Amino acid sequence: RVTSIADRLNVEFALIHKERKKANEVDRMVLVGDVKDRVAILVDDMADTCGTICHAADKLVSAGATKVYAILTHGIFSGPALSRINNAAFEAVVVTNTIPQEEKMKHCPKIQFIDISMILAEAIRRTHNGESVSYLFSHVPL
């Protein structure tokens, strides 16, 4: 996925390899690639308590990243998540509106959201009509 995104944006990439000893607990993170003097964008499917993503942001800053952003599909943000984000090195944490974020945004100004209702509606319409959904990977409705 990282290579595909980097190719489409025509940028270089680094990645963070997570090692787990047990479920929901990261034992070790290893940064693979160079982020010195660069803007780093963390991409993930979801964030719940945000311990992992905040730890990753710290790792990027200590490796020389000038700014760190996160882009997440689902922002669950439970427990200590909002205080962790507020105290982390993020410029912004951008999530989709698959989960309502208005209340959480009041307590965490770093959270921003992208409305994906149009693309979800188009995917449902295409599925219902037997049309290609993969078409949407390169043609996003606005």
Side-chain angles (χ1 to χ4, degrees), residues 1-128 131-142:
R1 284 187 298 171
V2 172
T3 305
S4 174
I5 293 169
D7 287 348
R8 291 181 84 182
L9 296 174
N10 195 29
V11 296
E12 295 181 28
F13 71 91
L15 58 89
I16 294 180
H17 174 72
K18 299 182 290 190
E19 294 179 9
R20 299 181 189 273
K21 282 192 176 177
K22 61 182 182 178
N24 297 324
E25 189 175 306
V26 174
D27 180 50
R28 189 171 83 125
M29 281 187 180
V30 178
L31 175 62
V32 180
D34 181 22
V35 297
K36 185 168 176 47
D37 299 325
R38 297 181 184 194
V39 174
I41 303 171
L42 289 165
V43 179
D44 209 345
D45 58 348
M46 69 176 181
D48 187 2
T49 61
C50 296
T52 301
I53 201 157
C54 289
H55 183 85
D58 290 342
K59 184 161 276 303
L60 291 167
V61 168
S62 67
T66 57
K67 293 182 181 180
V68 179
Y69 294 86
I71 298 176
L72 311 166
T73 305
H74 309 290
I76 299 167
F77 305 138
S78 67
L82 299 181
S83 65
R84 285 178 173 168
I85 293 170
N86 281 329
N87 294 319
F90 294 113
E91 295 290 318
V93 174
V94 182
V95 297
T96 67
N97 61 337
T98 59
I99 298 171
Q101 298 297 337
E102 290 78 13
E103 277 303 308
K104 292 173 181 161
M105 291 170 65
K106 291 177 186 175
H107 303 286
C108 185
K110 292 182 181 181
I111 296 174
Q112 299 175 15
F113 79 93
I114 296 172
D115 182 3
I116 61 165
S117 58
M118 292 301 292
I119 197 163
L120 289 178
E122 182 62 13
I124 293 167
R125 188 196 68 74
R126 287 176 167 275
T127 301
H128 179 75
E131 299 173 27
S132 171
V133 175
S134 61
Y135 173 86
L136 295 175
F137 297 155
S138 57
H139 300 84
V140 179
L142 299 176

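Because the structure is predicted, anything quoted here is derived from the model rather than measured.
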For residues 94-103, tabulate all N or O donor-acceptor pairs below 3.5 Å that involve a side-chain atom, not counting sequence neighbours.
| unit_1 | atom_1 | unit_2 | atom_2 | d |
| --- | --- | --- | --- | --- |
| Thr96 | OG1 | Thr73 | O | 2.3 |
| Thr96 | OG1 | Thr98 | OG1 | 3.4 |
| Asn97 | OD1 | Ile116 | N | 2.9 |
| Asn97 | ND2 | Asp115 | OD1 | 3.0 |
| Thr98 | OG1 | His74 | ND1 | 2.7 |
| Gln101 | NE2 | Gly75 | O | 2.8 |
| Gln101 | NE2 | Ile99 | O | 3.2 |
| Glu103 | OE2 | Lys106 | NZ | 2.8 |

Report yes if some heavy atom in the side chain of Leu82 is under 4.5 Å from a heavy atom in the side chain of Ile111; otherwise report no. yes
Lys67 pairs by side-chain contact (heavy atoms from CB on, under 4.5 Å) with which of Val39, Ile41, Val61, Leu60? Val39
Quick one: side-chain hydrogen bond (donor to acceptor under 3.5 Å, both in side chains) pairs with a partner in residues 131-142, sequence neighbours left out? Arg125-Glu131, Ser132-Ser134
Nearest non-hydrogen partners of Phe90 and Tyr69, listed with the distance: CD2-C, 4.2 Å
Which donor-acceptor pairs under 3.5 Å do the side chains of residues 9-18 make with protein atoms, sequence neighbours left out?
| unit_1 | atom_1 | unit_2 | atom_2 | d |
| --- | --- | --- | --- | --- |
| Glu12 | OE1 | Arg38 | NH1 | 3.2 |

Report the distance from atom NZ of Lys104 to atom CZ of Phe113, rounding to the nearest 0.5 Å. 13.5 Å
Please report the shortest heavy-atom distance between Met29 and Lys59, naming the atom on each side. O-CE, 3.2 Å
Beyond-backbone contact of Cys50 with Ile76, side-chain heavy atoms, under 4.5 angstrom: no
Stepwise, does the side chain to side chain contact (heavy atoms under 4.5 Å, CB included) test hold for Leu72 with Ile53? CA-CA 10 Å; Leu72 311 166; Ile53 201 157; 3.4 Å; yes
Strictly distance-based, threshold 3.5 Å: is any side-chain N or O of Asn86 a donor or acceptor partner for the main-chain N or O of His107? yes
Closest non-hydrogen atom pair between Leu42 and Ala57, with its separation: CD1-N, 3.9 Å
From Ile85 CD1 over to Thr49 OG1, what is the distance, rounded to the nearest 0.5 angstrom? 10.0 Å
Could you tell me the separation between the CZ atom of Arg84 and the CZ atom of Phe77, rounded to the nearest 0.5 Å? 12.5 Å
Are there more than 12 heavy atoms of other residues, nucleotides or ligands under 6.0 Å from atom CE of Met118? no
